[in-house]
Structure formats: C-alpha cells, structure tokens
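Just so it is clear, the structure is predicted and the values come from calculations on it, not from any experiment. No hydrogens, no waters, no symmetry mates; every other heavy atom, side chains included, goes into these values.
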Amino acid sequence: MFKTVLRIGVQNSDIVYTHLLQLSQCYEAMARNNKLIVFTNDISVRKAFNGLIYNCMRTGLVADSRTLEITGVLSVTDFIMVLMMLWKYRENLDELKGTPLSHEDFRQMDIAYMPISRWKGCLEMKGQLKPFINIGLKESIFRAVELLTKHRIHRLPVMDENTGDCAYILTHRRILHYLWKHCALLPKPECLSQRVVDLEMGTWKNLLYADEKTPLIDCLDMLIDNHISGIPIVEKHTLKVKEVYTRFDAASAAFSDHIDLSVTVTRAIQERDYQCGIRRDAVVTAHYTTTLWSLIEIFIDKNVHRIFMVDDKTILKGIISLSDVIEFLVLRPSRKTANGNNK
C-alpha cells in the first residue's frame, strides 16, 4: 500500500485518486473474505435463482457444463426479467389476466425450468444479451472503473489470467472502500469540501420515482429500462421520501406462495419485510447541502448503493449513487486533464 502511495505525484490533488487507481491492480482491492457461486449452464434458471437467494447473493457466475469455462453471469436482473416475462404473458390471456402467479403455474411454464443456456439464448435472440465483461487480476482498478461506467454494470468479475478462474467480483462499493482506506495518506481534493448540490454529480433533474400506489410491475419496468438498481418511493403530492425499492427486493417474490406484480409497491415492500425480515438496503437520505466528504462517510457507514438528497422537509431533490461518486472522483479528473492536453 505504501509503495503505491509513494509513487503518486501530489502537485494536483484533484487527480490524486485517479493516479492511485491507475497504479493499483485489481487484486489489491480484493476483500479478505470472498464468496462466489458458480452455476453450470445446464441447470434450470429456477434452481440457479434459488441458489442466489439462499446464499444472499445478487450475482452468480455461469460456466460451460462441458469445459467449466466461465462464460457469463446470472443476476437478480435475470430473475426480474423472468418474472416480468411470465406476468406479461399471462396478462395477454383473458382467463388468467389479473390472477396471481402461483408456484404451480411457475412450474408449468418452460421459462422457469429451462436451462440457463437456453435462457441466455432467448435473450440473445431478442438482442438483450450483454457480453461477458471481465477484467484481469493484474489490470488497473482505473481500467475496471472505465469498464463499469462504459457498460453501465454494477459488478465486474476479476479473472486470473493464468487459470481462467474468477478471483472475486469487483463492485463500486469495493472500489470506494479501497479509496477510503488510502485517503488518509493522500492529499484531499478541494471538491471533497464542496456541497454536492454545487457539483456536477448525480441526478438532480428528471428524477425517477414511484409513489406509494404505483403498481409493482411499473417499478420493475423503471428499474430494468433505466439500468438503475433502486427507485425511491415518495408521497404522491409532497414528494417526501418514504421508502426505496431495489432489484434485490424483487427476489423476495421467490419466498411468496403467489407472485402478483399488479399489487402496489407499498404492498410488495410489506410482503418483502414479512418474507425476508430485515432488509439489506434501507432508505438513506442526506441534506442536499451536504459536502462530498460527508456523503462518502455516509456511503461507507451505511453500506448502501444510493443516497437520496432531500431538503429540510425530506422532499426529494436529487439522487447520488456509488457509481456517480466513483465516476466523479476518478474519471472526471482524467477527462478534464485529457481535454486540457488536447487544447
């Protein structure tokens, strides 16, 4: 760690985190305890989802059943897409429209019991299959940030170039913790003391949100169509933040006797709390005048993916995610430097 820090120039504190990640290799951000789950592509989609849920995992790796070579990932997003596909199919049948989806119905439909390879083939036919994006253990963390941002993904498998095995899955959260571990040894950029509302970071216009009576299917559509991991639930007329619904929350449907995507998101949250108990991602807010440094402290302390920026009356003003913070601290300075060199 100290060898890496000593190599960083301190003339311009604004690019210090950019330089740190350019000099750091992906293996350096690996946590001491890692858990990976790998599915061969011949097992059913439903069994794979059960494996994710019971292991409290958002993402699993997919390996070829013959060669055992890692070929892709299976995530909670796939689970949501399966649920939505089943529900919309039923809604087109007059005799089933508006009725909950039972586990018996789930068992009788091919999509739930098709092999992972066939599910990925269906996505490919529809043009919805994303390429398997990964990175090598010895590549820079800066390159990992570029890949996460370019492909709008939240998890990046880090592969051992020699064995072809996956060492761990790198996330924005892991990268922020890596920066946090080193920040005491580095000069602080001036932006850390500025108010987040004054920085070009996060989303402050055209905010996506749902009210307490929004149908669950509409919330899921917003999550998938806009490539976001969570959506705030607000009071309809005041826009006061009340809750948050995330992609991982949708996984609680696997524990329900019946799956009904026509219910309100409020009812879905109640069902989730009943089925799963304490949730992993609670709603976390911060005042929109909070400094960037204080916001990062909240991310580290609360261990969440997004923070909703509110005013004194808890009215929603903006949304800042982990990816927004990482992009601002790491990629923005490098783009600014590159643009300056081109002039």
Side-chain angles (χ1 to χ4, degrees), residues 21 24-41 43 45 47-64 68-81 116 119-120 123 129-181 223-224 227-230 246-251 280-281 299-300 302-306 321-327 330-331:
L21 297 194
S24 302
Q25 296 177 322
C26 287
Y27 75 86
E28 297 179 71
M30 186 187 304
R32 290 185 177 181
N33 298 315
N34 287 298
K35 181 166 66 172
L36 289 173
I37 185 167
V38 181
F39 307 108
T40 54
N41 62 2
I43 72 170
V45 170
K47 283 185 178 179
F49 288 143
N50 284 338
L52 287 179
I53 293 165
Y54 284 110
N55 285 280
C56 295
M57 301 282 285
R58 286 180 166 89
T59 302
L61 298 168
V62 177
D64 186 283
L68 298 183
E69 177 186 359
I70 304 296
T71 58
V73 297
L74 190 77
S75 68
V76 171
T77 301
D78 290 286
F79 180 65
I80 294 173
M81 293 175 71
I116 295 175
W119 165 247
K120 293 296 186 182
L123 293 179
L129 181 64
K130 293 184 178 181
F132 178 43
I133 307 298
N134 61 85
I135 194 169
L137 264 175
K138 295 182 178 180
E139 291 191 66
S140 72
I141 302 178
F142 178 81
R143 177 57 181 158
V145 174
E146 288 184 318
L147 290 174
L148 287 166
T149 303
K150 177 182 177 181
H151 297 282
R152 300 188 69 179
I153 54 178
H154 298 95
R155 290 164 180 80
L156 183 65
V158 179
M159 310 297 290
D160 187 321
E161 298 93 334
N162 297 322
T163 65
D165 296 329
C166 181
Y168 75 109
I169 295 179
L170 184 61
T171 64
H172 292 105
R173 179 183 291 175
R174 191 68 233 157
I175 294 171
L176 186 64
H177 277 268
Y178 183 79
L179 290 174
W180 181 259
K181 182 176 69 174
L223 292 175
I224 298 299
H227 304 281
I228 54 178
S229 60
T246 70
R247 294 191 185 200
F248 194 73
D249 290 332
R280 296 181 66 178
D281 272 7
F299 271 117
I300 295 294
K302 300 297 184 181
N303 216 24
V304 292
H305 286 88
R306 71 211 63 79
S321 66
L322 274 173
S323 57
D324 294 326
V325 173
I326 297 298
E327 184 175 354
V330 179
L331 295 186

Practice item. Carefully, step by step, assess N55 and K35 under the rule side-chain contact (heavy atoms from CB on, under 4.5 Å). Key: CA-CA 9 Å; N55 285 280; K35 181 166 66 172; 4.2 Å; yes
Exercise for review: Report the C-alpha separation of L148 and I175 in whole Å, then their side-chain angles, then the decisive distance to 0.1 Å, and conclude whether the side-chain contact (heavy atoms from CB on, under 4.5 Å) test is met.
Suggested key: CA-CA 11 Å; L148 287 166; I175 294 171; 3.8 Å; yes
Practice item. Let me see the working for L179 and I326 under side-chain contact (heavy atoms from CB on, under 4.5 Å), right down to the final yes or no. Key: CA-CA 9 Å; L179 290 174; I326 297 298; 4.2 Å; yes
Exercise for review: Dump the intermediate steps for side-chain contact (heavy atoms from CB on, under 4.5 Å) on R155 and S75, then the final yes or no.
Suggested key: CA-CA 10 Å; R155 290 164 180 80; S75 68; over 6 Å; no
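For the atom pair T149 OG1 and E327 CD, the distance stands at 5.0 Å (nearest 0.5 Å). In this structure, CD1 on I228 lies 9.0 Å from CZ on R152, to the nearest 0.5 angstrom. Considering CD1 of I53 and CZ of F79, their distance stands at 5.0 Å, rounded to 0.5 Å. K150 NZ to I133 CD1: the interatomic distance, rounded to the nearest 0.5 Å, is 8.0 Å. Interatomic distance, H227 NE2 to H154 NE2, rounded to the nearest 0.5 Å: 10.0 Å. Between the OG1 atom of T40 and the CG atom of L68 there is a distance of 8.0 Å, given to the nearest 0.5 Å.
Remark: side-chain polar atoms of R58 are not paired, donor with acceptor, to backbone N or O of L52 under 3.5 angstrom. When atom types are taken as modelled, the side chain of K130 and the backbone of I153 share no donor-acceptor pair closer than 3.5 angstrom. Distance alone, capped at 3.5 Å, places no donor-acceptor pair between the R247 side chain and the I80 backbone.
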Distance-only donor-acceptor pairs under 3.5 Å for side chains of residues 162-171, two or more places apart:
residue	atom	partner	partner atom	Å
T163	OG1	D165	N	3.2
T163	OG1	D165	OD2	3.3
Y168	OH	C26	O	2.5
T171	OG1	R173	N	3.4
T171	OG1	R174	N	3.1

Under 3.5 Å, which donor-acceptor pairs link side chains of residues 135-144 to any protein atom two or more places apart or in another chain?
residue	atom	partner	partner atom	Å
E139	OE2	G136	N	3.0
S140	OG	R143	N	3.0
R143	NH1	E146	OE1	3.4

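Taking 4.0 Å as the cut-off between side-chain N and carboxylate O, R306 and D324 do not count as a salt-bridged pair.
A pairwise comparison of heavy atoms in F299 and L322 identifies CD2-CD2, 3.6 Å as the closest pair. When all heavy atoms are compared, the tightest approach of L74 to A48 is CD2-CB, 3.3 Å.
In this structure the side chain of F39 never reaches within 4.5 angstrom of the side chain of L61, judged on heavy atoms. A heavy-atom distance below 4.5 Å is found between the side chains of P157 and V73. Residues I70 and M159 meet the side-chain proximity criterion, which asks for heavy atoms closer than 4.5 Å. The closest side-chain heavy-atom distance from L123 to D78 is below 4.5 Å. The shortest side-chain heavy-atom distance between I300 and H177 falls under the 4.5 Å cut-off. With contacts defined as side-chain heavy-atom distances shorter than 4.5 Å, the pair L176/H172 does not qualify.
For the side-chain hydrogen bond (donor to acceptor under 3.5 Å, both in side chains) test, no residue two or more places apart in sequence or in another chain qualifies with N134.
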